[in-house]
Amino acid sequence: MQLLITILLDGLTYASYLFIVSVGLTIVFGVLKILNVAHGAFYAWGAYASAYAITYASDMEYADWIGFVCIFLAAAAVGLVLGMIIERVILRHMYAQDEVLIALATFGIFLILEDVILLVFGVNPYFAYQPMALLGRIPVGGISRDVYSFTLMALACIVAFSCWWGLTRTKWGKLISVVIYDREISQAMGINVSMVYLIVFVIGAGLGALGGAYVAPTLSVAPGFGIDVIVLSFAVVVIGGMGSIPGALIGALMVGILRAVAVHKMPELELFVVFAVMAGVLIIRPEGLFAPAKARTI
Amino acid sequence: MTASPALKVTDLCKSFSGITAANNINVEAADGDIIGIIGANGAGKTVFVNMITGYLKPTSGKIEFHGQDITGIEPRDATHVGVCRSFQVSQVFMTMTVRENLLIALAIAKDEGKAMLSSPRSPDLVAEADRMMQAYKIHDHADAVASTLSQGVRKLLDIAMAVVANPKVLLLDEPTSGVSVEEKFAIMDIVIAALKEKGVTVLFVEHDMEIVERYVDRVLAFYQGEVICDAPPAEALQDPKVIEYVIGHDHAPNPTPPADAASAAANGTESNA
Amino acid sequence: MLQILRSDKTVRWTLFGFFVLAIAGNFMPTWVQNNLMFGMARGLAVLGLMVLWRTGLISFGHALYFGIGAYAVALADKHFGVSDIFVRLILAMGAAGFVGLCLGFILRKYRSIFFAMLSLAFSMVLYGVLVKVEALGSTDGFSVSATSILGWTPESKYTLFCAIIVACATSACMVQYYLKTGLGALTTAIRDNELRVEYLGYSVAKAIHFKYIISAALAGASGAMMAMALGQVDPDSMVNWTVSGELVFITVMAGPGSVIAPFIGGVVFEFLRTYAFELAPHAWQLIVGGTLLAIIFFLPMGLWSLLERIWVRKGSSS
């Protein structure tokens, strides 16, 4: 029973963080049709920025809750600055290219951003434990657990709700759906497609950074932080269906829980299981579990 | 072989999630027949061509080629038995020259693909490609890259590539669409002359009634997925139903009645005709 | 077959170039020799990727075959003491080719981003296994003992250097022959218009499957060569997704123009990395990534197109 609860909670925590990161990736793919490898770098940047800010705040002996402010500020700053620069300077000129070639270009951006992190933040790891320590631990079913991980789940719920609400209940959301459906017609109708792209990319980048920023207090933030995340969020997005937000949610839950089960039951299979499911879904339903139906092209 | 018709279509039906695109189509064509297929956009002409050449699988019904059941086979197997097609939007290899296009086609057609293991630039293949280009009057463009060709030349190349495999039955989907008025008759003269010589059964989809009148032995008129008329052109073009649903009362050469949106979508390629 | 090869200019230049390189290798300092060796070995995998790329397919998972090749050498060495270069190569190419044959049945139906993602998933499955399973060396991997040739174990690495060059030259010529046949010409045809290829009577799936097996076997040979040259295999430098990324990077950097391009690309990449690392140990990825972007933006047909341009200009001016 205790093991079951542990697996469930571990799985949900893991799924929450995967969801926050992957939803950014899937939104960008859905709208801009870009498979953004650099998303892993946004995640790492978010983590570094937040860890740096939290450590700084703590050194200045500000109140511990300031750490939470740091997390969100860091994510927003990374999303805005990096997102804007990369979309405007590089990706803007690539939309006509082949999807896979754009993905490769984002791999180049990923490599660059990975090293700029080291140049800016140095090579030593950061430990920004303060926000997690502040919230303490509570017993759940006889097991002591970090409260912080529950706030992570809450954050994932908020992100999921905001995305759903933003896309279905606001004018902006409708604009985005129109652009997804047909870029050229939207342009002809007078929609500022280039602005929509920019905003969506910044939001996507910000969500990637938020994932990293919120996870930073639970881990040691060290070089190579974004390398594993990017393939894991690929797996999540592919399982759910590239471009689908509910898909990202289901994908994240599947990957999170499966991985938690593997970690506790068969540690050797931890990574294997994630990518086996990814391959399996691609084989059985290439468009993913939740992909919208496509019109025939021939 | 002589007893069974070149192409026999029995009770052919196709529906896309409830929408009927072809309904009980029955057609027979003998060797050397030249048949025109007419009908408004979304009437089911391209669906018919797509089913016969294996691009779409019929919901029910039967397609026979010289008595051999070819219902629902793959496009490449249709080619192998001798049923080939051209396309409404020319399907050629855009980054290659006209000659290279034909060389590839010839290499695939020859010796059941064994020619693929050696260079397609062998002297006899090149000579054959040149003969094809002469026959279809595109030899002036032999070394032009396909993407730079005019619509008319590209259409001819598209048809030539369909003929490379020596088909017994050839379906041409709007061989003159997107082609300038001056080029239309020239193209059809070239194509029909080349094909008649070989005794190929030709079915072609056409919107231009002048072309239909001039070249075909028989007309199939489509309306809402059904064949509403199957008769020689003189008779068919006078048929009240054909005038009502296909040609239009004002005898416009290119009738465009309100297209049935659903079946046009199902048709895919029809929509931009 | 021989006739095509004998009359082919590329083949003559390839053989000549590799011959000169083999002789020159003897007089080079060890680090240059090593870099050339790694670059050439990697070039083999890139050659395979180039064949795929010509049909419009980019695989983000060829580290799978690279890794299979490398681990085939390492495992055969560890368990059976296999050190002969021919046996090692045959094992590696056989294993990689066989896995390529099996997975090809699935992958041949996929295109563009889905092809890239599914190949990535397959390669990460292998990575997931290798990293976690003790018997397969876990994160540390294995060391590989020195390579022998028909019972003779050479002392310097120069012999291996020559062996790699011979393998590269052979592969380049064979691929050149392949590209000259109808099957090779079909490569571009498939990229241009699959529908037409099907209607001409050829199975696109079969053609792609065949190319996929070729590229898998070449990547296997590449991994095996790399394992022998390094004397070491481990999952992170052999099977992780970044390895696939590097291979695709070199493919795009080299360009699809010629069978020699992958080897030039491989060598340039190796030197670029070494110099970048010397110049700025914490910023070498930055230099590599910047190069990648610059190539995609300004040299879409790769380094080979640059060489061709220089060649043509020289030819016209003299």
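Chain letters run A, B, ... following the sequence lines, proteins first and then strands; every chain starts at 1. Hydrogens, waters and symmetry mates are skipped; everything else that's a heavy atom, side chains included, is used.
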Segment of Thr53(B) engaging chain C (4.5 angstrom heavy-atom cut-off)
both
With a 4.5 angstrom heavy-atom cut-off, could you sort out which part of Asn101(B) is near chain C: side chain, backbone, both or neither?
neither
Should we say atom OH of Tyr178(C) is surrounded by more than 12 heavy atoms from elsewhere, each under 6.0 Å from it?
yes
Flag the one option from Leu186(C), Thr188(C), Asn193(C), Leu183(C) with the top tally of heavy-atom pairs under 4.5 Å to chain B.
Asn193(C)
Short side-chain donor-acceptor distance under 3.5 Å, Thr97(B) and Asp143(B):
no
Please walk me through it: do Met50(C) and Thr187(C) pass side chain to side chain contact (heavy atoms under 4.5 Å, CB included)?
CA-CA 11 Å; Met50(C) 185 192 86; Thr187(C) 310; over 6 Å; no
Does Arg154(B) reach the side chain of Asp158(B), with side-chain heavy atoms less than 4.5 Å apart?
no
